[in-house]
Amino acid sequence: MSSLDQELRMALTTGKVYLGSKMALKELKRGRARVAIVSSNCPEDVKMKISQYSKLLNIPLLTHSKNSVDLGTLCGKPFPVSVIVINETGNSKILNLGN
């Protein structure tokens with residue numbers, strides 16, 4: 001398991017995390033997101049929107065090596081997850097991975 005996986009799990013259990021492209025865009029537009037993560041097979045149009053807001057608001061954007069199905073499984077969800085935003089990292093050191 002990669003360190004991104006470990007930090008993501010920690011953020012899921014101790015922080016405030018939103019799953020899905022619609023929620024991710026909403027949180028990015030509100031300026032609440034601290035970091036955004038996209039799956040390896042995230043649709044190009046979604047990835048572009050997330051990337052634009054990330055750059056505008058100076059929020060780190062990480063691309064996960066896993067596809068959306070594996071990312072959903074990692075998050076403990078029975079459905080694919082293309083985008084994750086983390087508003088509060090909790091005990092996770094995920095922000096350090098973006099540097």
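Keep in mind that the numbers below use all heavy atoms, side chains included, and drop hydrogens, waters and symmetry copies.
With a 4.5 Å cut-off on side-chain heavy atoms, I94 and I86 count as touching. Counting heavy atoms from C-beta on, the side chains of V83 and I37 never come closer than 4.5 Å. A heavy-atom distance below 4.5 Å is found between the side chains of R30 and K26. Looking only at side-chain heavy atoms (C-beta outward), V81 and S39 stay at 4.5 Å or farther from each other.
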Applying side chain to side chain contact (heavy atoms under 4.5 Å, CB included), run through L8 and S92 and close with a yes or a no.
CA-CA 7 Å; L8 184 54; S92 167; over 6 Å; no

Might you work through the side chain to side chain contact (heavy atoms under 4.5 Å, CB included) test for V85 and V17, ending with a clear yes or no?
CA-CA 6 Å; V85 290; V17 179; over 6 Å; no

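Under the side chain to side chain contact (heavy atoms under 4.5 Å, CB included) criterion, N91 pairs with M10, T14, not counting sequence neighbours.
Note on residues 49-65: pairs passing side chain to side chain donor-acceptor pair (under 3.5 Å), not counting sequence neighbours, are D5-H64. Among residue pairs with one or both ends in residues 77-89, those qualifying as side chain to side chain donor-acceptor pair (under 3.5 Å) are E27-N87; sequence neighbours excluded.
Note: the hydrophobic cluster containing L95 also contains L12 (ILVMFWY, side chain heavy atoms under 4.5 Å, direct or indirect links). Under the 4.5 Å side-chain heavy-atom criterion for grouping Ile, Leu, Val, Met, Phe, Trp and Tyr, L61 is connected to L56 within one hydrophobic cluster. Tracing side-chain contacts under 4.5 Å through hydrophobic residues (I, L, V, M, F, W, Y), one never reaches V69 starting from L19; they form parts of separate clusters. Under the 4.5 Å side-chain heavy-atom criterion for grouping Ile, Leu, Val, Met, Phe, Trp and Tyr, V38 is connected to V46 within one hydrophobic cluster. Following chains of ILVMFWY side-chain contacts shorter than 4.5 Å, one cannot reach M48 starting from I84, and the two form parts of different hydrophobic clusters.
The OG atom of S21 sits 6.5 Å away from atom CD1 of I50, with the distance rounded to the nearest 0.5 Å. How far NZ of K66 is from CG of L74: 5.0 Å, rounded to the nearest 0.5 Å.
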